[in-house]
Amino acid sequence: MEKIVFATNNAHKLQELRQMLGDRYEILGLADIGCHEDIPETADQIEGNARMKAEYVKQHYGYDCFSDDTGLEIDALDGEPGVYSARYASPGHDSEANIDKVLSKLEGLAHDGRTARFRTAIVLLQGNEEHLFEGQVEGIILTERHGTGGFGYDSIFQPVEGDGRTFAQMSPQDKNSISHRGRAVAKLVEFLNSQQ
Ligand code: IMP
């Protein structure tokens with residue numbers, strides 16, 4: 001079976017991709033190839049970060065590879081936190097502090113001024129070719145947290161095409177069916193499954 005690396009240490013993401021591609025590809029995580037170093041993510045766009053991670057694996061380990069990167073883009077903040085979503089409030093990945101920072105920056109803004117989107121870029125390096133897959137979902141940043149599921153900014157993000165629930169109030173299945181990552185992953189899976 002063809003081996004392909006997903007440049008992540010996130011067990012949940014790996015399991016999801018294995019379920020979708022497992023009969024065609026052996027999906028390896030970073031730990032599976034003995035990659036324990038911190039891969040640089042210093043680009044100023046999510047596409048650049050996804051490309052950096054995939055290129056690092058390809059160069060140092062020789063495997064075909066794909067990598068994802070996600071950002072929350074808030075229009076009233078000129079696209080912030082964007083590529084800095086994980087470490088918006090501090091270098092540590094503190095989601096609660098990140099949410100507090102967003103809420104305080106948007107304080108006083110009316111509902112229709114609180115538009116935002118999540119965007120995911122997946123870069124696949126296969127042989128000598130590079131492929132980019134993108135997914136996005138439009139939404140509103142609420143004024144306070146709702147729900148306890150999910151992670152990151154889920155509790156303040158209300159997708160426009162939903163039924164009023166935030167991502168943190170949805171089941172993982174409901175969220176995945178409309179989410180940025182779900183959409184980007186679906187495009188990647190369709191592409192890989194269409195190859196012989
Ligand atoms: P990553 O590229 O998947 O690591 O995502 C970067 C950061 O974006 C995360 O640390 C979260 O803060 C945020 N993020 C990514 N995906 C989601 C999501 O589905 N819901 C909420 N926040 C997310």
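Atoms within each ligand, like the ligands themselves, are counted from 1 in listed order. Keep in mind that this is a model prediction, so the values were computed, not measured.
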What are the polar N/O contacts of ligand 1 with the protein below 3.5 Å, with distances?
| unit_1 | atom_1 | unit_2 | atom_2 | d |
| --- | --- | --- | --- | --- |
| ligand 1 | 2 (O) | D69 | OD1 | 3.2 |
| ligand 1 | 2 (O) | T70 | N | 2.9 |
| ligand 1 | 3 (O) | K13 | NZ | 3.0 |
| ligand 1 | 19 (O) | K175 | NZ | 2.7 |
| ligand 1 | 19 (O) | H180 | NE2 | 3.0 |
| ligand 1 | 20 (N) | D154 | OD1 | 2.6 |
| ligand 1 | 22 (N) | Y153 | N | 3.1 |

Quiz item: Within a strict 4.5 Å, meaning less than it, do heavy atoms of the S155 and I99 side chains meet?
Solution: yes
Exercise. Using a 4.5 Å cut-off on heavy atoms from C-beta on, say whether the side chain of L188 contacts that of L124.
Key: yes
Practice problem: State, with a plain yes or no, whether a side-chain heavy atom of T115 is found less than 4.5 Å away from one of I140. | Solution: yes
Quiz item: Can you list the other members of the hydrophobic cluster that holds L132, where links are side-chain heavy atoms under 4.5 angstrom apart?
Solution: V123, L125
Would you tabulate the side-chain donor-acceptor contacts of residues 51-58 under 3.5 Å, counting partners in other chains and residues two or more places apart, or write 'none'?
| unit_1 | atom_1 | unit_2 | atom_2 | d |
| --- | --- | --- | --- | --- |
| R51 | NE | E130 | OE1 | 3.2 |
| R51 | NE | E130 | OE2 | 3.0 |
| R51 | NH2 | E130 | OE2 | 3.0 |
| K53 | NZ | D68 | O | 2.8 |
| Y56 | OH | E37 | OE2 | 3.0 |
| K58 | NZ | D64 | OD1 | 2.6 |
| K58 | NZ | G127 | O | 3.3 |

Exercise. Just jot down the ring pair (Phe, Tyr, Trp, His ring centres under 6.0 Å) partners of Y84, sequence neighbours excluded, or say none.
Key: none
